[in-house]
Amino acid sequence: MRRLPQPVLDTIGTFARLGLAAVWLVSGGVKMADPGQTYIAVQAYDVLPQVLVRPVATGLPLLEMVLGVLLLAGLATRWIAGASVVLLAVLVAGIAQSWARGLSIDCGCFGGGGRVAAGQTEYPQEILRDTGFALLAIWLLARPRTWFSLDRWLGWGRGKSIEDSDRIPADYSGSNAEGN
């Protein structure tokens, strides 16, 4: 099987990193712009005790913005990709449980959210979309090397791609600082 050259793989990773950064920045930004609607969207899932709805509605957009900014900068890419996979899994689980319980809600992933008429739900599309975003994050978990990143500038993550594991230099120390 023929491997793609490293510059091509780094370019694919760059698009994955910037695409996922855009997702988090837009999603978090829209939610931050309308915190009342974000509260309604979180409440509509009907899984959290009322006392946790406001902290989650406040914290989720902040978390998304932090993930987006760090991905945009390309800092700690592998760690941020891992956090993205976890968050996306939680979001997909939330959508799936709403669907399974027969709730009629808009996920509020990119603003809006809350209860909707029975025929207006889009659960399969929302789950597929978020699964696609998770695939971007999984790519970055496996291959965090990207162009125009602070990781690259700092020399973090050299030789750490799964496919490159047989090419790690003999003098590579694998220090904790290079855990990306």
Distance (rounded to the nearest 0.5 Å) between T77 OG1 and L70 CG
9.0 Å
Hydrophobic cluster mates of L128, side-chain heavy atoms under 4.5 angstrom, ILVMFWY only, any path?
none
Contacts satisfying salt bridge (charged side-chain N to carboxylate O under 4.0 Å, His left out) that involve residues 84-93 (not counting sequence neighbours) are none
Is it true that V66 and I80 fall in one hydrophobic cluster, defined by side-chain heavy atoms closer than 4.5 Å?
yes
Which atoms form the tightest heavy-atom contact between V85 and A137, and what is the distance?
CG2-CB, 3.5 Å
Quick one, V23 with F133, criterion side-chain contact (heavy atoms from CB on, under 4.5 Å). Give me CA distance, side-chain angles, the key distance, then yes/no.
CA-CA 8 Å; V23 166; F133 297 153; 3.5 Å; yes
One pair to check against side-chain contact (heavy atoms from CB on, under 4.5 Å): T146 and F15. What are the steps and the verdict?
CA-CA 8 Å; T146 62; F15 284 117; over 6 Å; no
According to salt bridge (charged side-chain N to carboxylate O under 4.0 Å, His left out), does anything in residues 8-20 pair up with another residue at least two apart or in another chain? List the pairs.
D10-R145, D10-R152
Can you list, by chain and residue number, the hydrophobic cluster partners of M65 when the side-chain cut-off is 4.5 Å?
L18, L25, M32, L62, V69, L72
When you group the ILVMFWY residues by side-chain heavy-atom contacts below 4.5 Å and let the links chain together, are L140 and L150 in the same group?
yes
Once side-chain hydrogen bond (donor to acceptor under 3.5 Å, both in side chains) is applied, do any residues pair with W153, and if so which ones, sequence neighbours excluded?
none
Would you indicate whether the side-chain heavy atoms of T38 and T58 approach each other to under 4.5 Å?
no
Considering all heavy atoms, the nearest S27-E64 contact
OG-OE1, 3.0 Å
With sequence neighbours excluded, residues passing side-chain hydrogen bond (donor to acceptor under 3.5 Å, both in side chains) with S104:
none
With sequence neighbours excluded, give me every salt bridge (charged side-chain N to carboxylate O under 4.0 Å, His left out) pair touching residues 114-137.
none
Validation row: P7, W147 side chains within 4.5 angstrom (heavy atoms):
yes
Test item: R78 and L141 side chains (from C-beta on) under 4.5 Å apart, heavy atoms:
yes
Which residues pass the side-chain hydrogen bond (donor to acceptor under 3.5 Å, both in side chains) test with S84, not counting sequence neighbours?
W24
Quick one: list whatever passes side-chain hydrogen bond (donor to acceptor under 3.5 Å, both in side chains) with T121, sequence neighbours left out.
none
Using every non-hydrogen atom in the two residues, find where G28 and P61 come nearest and quote the distance to one decimal.
O-CB, 3.6 Å
Find out whether L87 and L60 are in side-chain contact, i.e. whether some heavy atom of one side chain is under 4.5 Å from a heavy atom of the other.
yes
Is the side chain of Q37 donor-acceptor paired with the backbone N or O of G113 at a distance under 3.5 Å, no angle test?
yes
Other cluster members, Y123 - Ile/Leu/Val/Met/Phe/Trp/Tyr, side-chain contacts below 4.5 Å:
Y39, V42, Y45, V47, L48, V51, L52, V53, V56, V92, I95, W99, L103, I105, I127
Taking D151 for its side chain and A76 for its backbone only, find out whether a donor-acceptor pair lies under 3.5 Å.
yes
Between C107 and A41, the two heavy atoms sitting closest are O-CB, 4.4 Å
Would a hydrophobic clustering, with Ile, Leu, Val, Met, Phe, Trp and Tyr connected at side-chain separations under 4.5 Å, put I40 with L91?
no
For residues 88-103, which residue pairs pass the salt bridge (charged side-chain N to carboxylate O under 4.0 Å, His left out) check, not counting sequence neighbours?
D46-R101
I'd like to check the salt bridge (charged side-chain N to carboxylate O under 4.0 Å, His left out) partners of R54; sequence neighbours left out, ordered by chain and number.
none
